[in-house]
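Structure first, commentary second.
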Amino acid sequence: MVRQPLSKRANKYLRKFRKWPHSPYKTPWHHNFGQQQAMQKLKQATLEMGFSQEPQTANLPHPFLLSTLIDSFKAYSCDPTPKAYYFVIKTLTNTSQLQDIPALLDHLEHLEKFETPESVLVYLIRFYGLSDKVQDAVDLFFRIPRFRCTPTVCSLNLVLSLLCRKREYLKMVPDILLKSQHMNIRIEESTFRVLIKALCRIKRVGYAIKMLNCMIEDGYGLDETICSSIISSLCEQDDLTSGEAMIIWRDMRKVGFCPGVRDYTNMIRFLVKEGKGMDALDVLNQQKQDGIKPDVVHYTMVLSGLVAEGEYVKLDQLFDEILVFGVVPDVYTYNVYINGLCKQNNIDEAFKIVASMEELECKPNVVTCNTLLGALCLAGDLRKAREVMKEMGWKGVGLNLHSYRIMLDGLVGKGEIGEACFLLEEMLEKCLFPRSSSFDNIIFQMCQKGLIAEAIELTKKIVAKSFVPGARTWEALLLKSGFKQGFSETTVFGLLGQN
DNA sequence: ATAGGGTTAG
């Protein structure tokens, strides 16, 4: 590992690299010296008492650190510094000695004279908020002025962001905003940013958008990161429809939002997921106009959206465009396109694409094969489907659950019960279960053919694997076995008993 | 600078 030179890593607030020396005129040097000595004493005493700065190491009860603080400073006859309080507060929080904090705060409030730095209180507010003591955090926020400290937007933003972490606290936000006005805290753009991002995080996009509009009305400049947050959460929620999302997208662009790649990706993904392939295509075209070159992923998503909408002409155009623009399609892209061809029942063309994939050294995968298998089974071409399955074997494309289910349904659909049972055995060995409707279908067909004993055997086997057959299985078994005396009670109810 | 983002299945 290459280390950076110390000077580059250095924090300029560390004494060694401090830009400005402590101002000598405020405190006489000896007073300052005394305070430093007292601080040393405090730190030393803290260590000796077994406090450690490492969190969660102290579990013994400790003497009250506040007295140590006071004693240390008394010994050098000087006043405790804010720094000393900060040190004690940090020690207490790091060692989970929270019970001592209220007394310390009371002392700080009533017996000290100095202006408490906001950062000290901010530290404690954040600590409370993050350790699920939100009410304590809020109380401390309101109490800030009593520590002779003028709260700024920093504290406000912190409290707001803490409240926004959980829905249950969200209702406190308006009250805090109102009261903060009485505390003379000026709301800033950053406050809006905190609130909007928090709303986005908890997927209240509607409110986030309203707030964005307020910001715009109040004359704040458009913040791109806020827009991006809104777009991103817009795309994750399901309260707003894709139509509403499109309107919001358009309005944002109207007021000058320039989406980035991420925004385009999110938007396209959302539209495709909502079945709006043509809208996704629109957005893709905007992206090109904005000079952001779509990559394979963008194209692949839009292609799949077009397949879903059955827009095959657009599909072909876009697939051609990919090649023209020099974007290299990958398995995902080909799979989507092949799926499109299969949906059009153009299986021959699909196989041609597979062949060209192999020429281009883009190896077909399970998804490719499953797509072909599905199309072949649907077309009733079991011969070819079997071939594809065999090929998967030698090409090292492992069959997955879906491959088996597709093939099983293909066989059952064609009434190939013997072969279906054979495949089912193979599945059960691998602990891959059929869809229950497929199993029901097999049993139903077996019963139709009078293979009742076999049907019961198979049901037993699958029930033993704690698979629950559907109603149709039981119905088929009961109806058929009812013809043979005693079968229904002894066998079928026996099966039921196993579960 | 890099990874991850995207595909099939009634």
Side-chain angles (χ1 to χ4, degrees), chain A residues 1-2 228 231-233 235-236 259-277 280-281 283-284 287 292-310 315 318-319 321-322 327-347 350-351 353-354 357 362-380 385 388-389 391-392 397-414 420 423 427 432-442 470 472:
Chain A
M1 193 183 84
V2 185
S228 288
I231 292 302
S232 131
S233 69
C235 296
E236 284 168 6
V261 220
R262 277 265 163 238
D263 304 313
Y264 279 110
T265 312
N266 284 334
M267 198 60 188
I268 291 172
R269 191 199 300 117
F270 174 66
L271 292 170
V272 170
K273 197 181 75 200
E274 298 286 300
K276 298 286 183 227
L281 183 62
V283 173
L284 185 81
Q287 180 176 346
I292 301 177
K293 192 180 169 189
D295 64 13
V296 228
V297 178
H298 295 120
Y299 277 113
T300 307
M301 287 190 291
V302 177
L303 286 175
S304 74
L306 293 174
V307 172
E309 280 201 283
L315 175 71
L318 196 64
F319 193 69
E321 184 185 305
I322 294 177
V327 174
V328 184
D330 60 14
V331 223
Y332 289 89
T333 323
Y334 284 117
N335 286 345
V336 170
Y337 189 62
I338 289 168
N339 186 232
L341 291 170
C342 289
K343 288 253 161 75
Q344 295 170 80
N345 210 11
N346 194 349
I347 303 181
F351 272 99
I353 299 287
V354 174
M357 280 171 78
C362 174
K363 277 171 76 180
N365 63 12
V366 225
V367 176
T368 325
C369 298
N370 288 352
T371 308
L372 294 171
L373 276 179
L376 291 168
C377 286
L378 196 69
V388 169
M389 240 178 102
E391 262 181 68
M392 288 171 81
V397 180
L399 298 163
N400 65 14
L401 174 66
H402 301 300
S403 327
Y404 279 106
R405 285 182 171 177
I406 293 165
M407 196 61 198
L408 187 70
D409 286 350
L411 292 169
V412 176
K414 276 260 170 175
L423 195 68
M427 288 175 73
L432 301 174
F433 290 101
R435 268 189 291 268
S436 95
S437 62
S438 319
F439 183 75
D440 290 355
N441 227 329
I442 294 174
R472 224 172 138 225

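Here is the naming used below: chain letters follow the sequence lines, and residue numbers restart at 1 for every chain.
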Q. Quick check: does any side chain N or O of Gln344(A) sit under 3.5 Å from a backbone N or O of Gly340(A), one acting as donor and the other as acceptor?
A. yes
Q. Hey, where on DNA chain B does chain A first and last touch, going 5' to 3'? Cut-off is any atom under 4.0 Å from a heavy atom.
A. dG4(B) to dG10(B)
Q | Main-chain N/O of Asn400(A) paired with Arg405(A) side-chain donor or acceptor, under 3.5 Å | A | no
Q: Answer with base, sugar-phosphate or nothing: what part of the nucleic acid does Thr368(A) contact at a heavy-atom distance below 4.0 Å?
A: nothing
Q: Find the distance between CG (Asn266(A)) and CD1 (Ile231(A)) and round it off to the nearest 0.5 Å.
A: 8.0 Å
Q: Report which part of the nucleic acid Asn370(A) touches: base, sugar-phosphate, or nothing (heavy-atom distance under 4.0 Å, all strands).
A: base
**Q.** side chain to side chain donor-acceptor pair (under 3.5 Å), paired with Asn335(A), selected from Asp330(A), Thr371(A), Asn365(A), Thr300(A)
**A.** Asn365(A)
Q.
Classify Arg405(A) by what it touches in the nucleic acid, base, sugar-phosphate, or nothing, heavy-atom distance under 4.0 Å.
A. nothing
Q. Taking only residues two or more places apart in sequence or in another chain, which ones pass side-chain hydrogen bond (donor to acceptor under 3.5 Å, both in side chains) with Tyr334(A)?
A. none
Q. Looking across every strand, which nucleic acid part, if any, lies under 4.0 Å from Val272(A) by heavy atom: base, sugar-phosphate, or nothing?
A. nothing
**Q.** Contacts of type side-chain hydrogen bond (donor to acceptor under 3.5 Å, both in side chains), residue Ser233(A), not counting sequence neighbours
**A.** none
(Q) So Asp409(A), base contact, sugar-phosphate only, or nothing? Heavy-atom distance under 4.0 Å. (A) nothing
Q. Touch check for Ser437(A), heavy atoms < 4.0 angstrom, all strands: base, sugar-phosphate only, or nothing?
A. base
